Amino acid sequence: MNGYYLEERIRLFREKILAWFANHKRVFPWRQDNLSPYELIIAEILLQRTKAETVSTFYTQFLAEFPNWQALVNADSITIENYLIPIGLYRQRAQRLKKLAIYLVDNNGVLPLDRTELENVPFMGQYIANAVELLVFNKRKPLLDVNMARVLERYFGPRKLSDIRYDPYLQQLAKDFVDHPDSKFLNWAILDFAALVCKARKPSCLSCLLNSTCKFFSDVVQIHDAGIHFE
DNA sequence: AAACCGGGGTA
DNA sequence: TACCCAGGTTT
């Protein structure tokens, strides 16, 4: 597959995903305009390995209880843990939230613009660093999680390495996909598409607007796979 | 590269 | 029951 063909294929894919998003976007409290960096980062932390629908009801309560970094610094670690129990990963998240809060209070709430320094902030891995650059710094960065990875791999072909974060093919593909003035909306669009159509278990391939050009769909139809249940 | 964290939802 | 979820850290 040459570069020009792939570029055209990405462009088509992008247009169709955006068209779908216009009519099917999900509404979440962390997608509102004018959120503070605190509110944006808390959302990403709560969303780690946790369904967006689960976080949706919890998010507003959490912000009411802990409205800023200083509130987390002041709070007892056990208090934060207990508060996080309903959504899981509560010990890890409490400990890391605490460290991040201390860092940010010490730095007057300022996050480093330099990517290397940004990734050295406590609790700041590749994904959240991208989220900060996308949502706070308004850069074109992918929220490449398991869901975006699943959609890209089904449509364009599978990754080379097992870990998303170190696979140069997936990283480049995701980067190319969101390299567009509507980068933020493209990210939301593909995540919503992953959650509602290109689902992990029962993908809605039969009604999918991308099925005629989708690698996964054509492959599965071709071999008449009995293990996949379409909707 | 693989293990671990964790409760809730779903098939 | 087993699998999955807007990942990051440790080994």
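Chain identifiers are assigned alphabetically (A, B, ...) following the order of the sequence lines, protein sequences preceding nucleic acid strands; residue numbering begins at 1 within each chain. Note that the structure is a prediction, hence the values are computed from the model and not measured.
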inquiry  = Once you apply a heavy-atom cut-off of 4.0 Å, does Ile164(A) come out as touching a base, just sugar-phosphate, or nothing?
reply    = nothing
ask   = Looking only at heavy atoms, what is the nearest atom pair of Arg93(A) and Gln48(A), with distance?
value = NH1-O, 3.2 Å
note = Ordered by number, residues from residues 87-96 of chain A within less than 4.0 Å of DNA chain B (heavy atoms) are Ile87(A), Gly88(A), Leu89(A), Tyr90(A), Arg91(A), Gln92(A), Arg93(A)
query = How close or far is atom C1' of dA3(B) from atom CZ of Arg165(A), stated in whole angstroms?
reply = 12 Å
Phe216(A) six-ring centre to Arg150(A) NZ/CZ under 6.0 Å and within 45° of normal = no
query = Using the P atom in both, what is the distance from dG8(B) to dG8(C), to the nearest Å?
reply = 23 Å
Pair Asp176(A), Gln172(A): side-chain N/O donor-acceptor within cut-off below 3.5 Å = yes
P gap between dC4(B) and dC3(C), integer Å = 16 Å
key: Within-4.5 Å side-chain heavy-atom neighbours: Leu97(A) and Leu84(A)   = yes
message = Once you apply a heavy-atom cut-off of 4.0 Å, does Ile45(A) come out as touching a base, just sugar-phosphate, or nothing?
response = nothing
inquiry  = I'd like to know whether the aromatic ring centres of Phe123(A) and Tyr103(A) sit less than 6.0 Å apart in this structure.
reply    = no
query = When you check the side-chain N and O atoms of Asn187(A) and Arg140(A), is any donor under 3.5 Å from an acceptor?
reply = no
request  = Taking atom P in both dG6(B) and dT10(C), compute the distance separating them and give it to the nearest angstrom.
outcome  = 14 Å
key: d(CZ, Phe58(A); C1', dG8(B)) in whole Å   = 13 Å
request  = May I ask you to test the Leu210(A)-Trp20(A) pair for a side-chain heavy-atom distance under 4.5 Å?
outcome  = no
task = Let me know the distance between CG of Leu46(A) and P of dC5(B), rounded to the nearest Å.
result = 20 Å
ask   = Does a side chain donor of either Gln32(A) or Glu39(A) reach within less than 3.5 Å of an acceptor in the other side chain?
value = no
query = In whole Å, what is the span from the CG atom of Leu97(A) to the C1' atom of dC5(B)?
reply = 14 Å
query = Reckon Thr50(A) touches a base, only the sugar-phosphate, or nothing at all at heavy-atom distances under 4.0 Å?
reply = base
Rounded P spacing from dA3(B) to dC4(C) in Å = 15 Å
inquiry  = Mind checking if Arg150(A) touches a base, just sugar-phosphate, or nothing, with heavy atoms under 4.0 Å?
reply    = sugar-phosphate
task = Report the residue (Trp188(A) or Glu119(A)) whose heavy-atom-nearest nucleotide on DNA chain C is the more 5′ of the two.
result = Trp188(A)
inquiry  = Please identify the 5'-most and 3'-most nucleotides of DNA chain C with any atom under 4.0 angstrom from a heavy atom of chain A.
reply    = dC3(C) to dT9(C)
query = Counting any heavy atom closer than 4.0 Å, what does Gln126(A) reach on the DNA or RNA strands: base, sugar-phosphate only, or nothing?
reply = sugar-phosphate
remark   = Shortest non-hydrogen pair, Ile190(A) vs Ile17(A), comes out as N-CG2, 4.0 Å
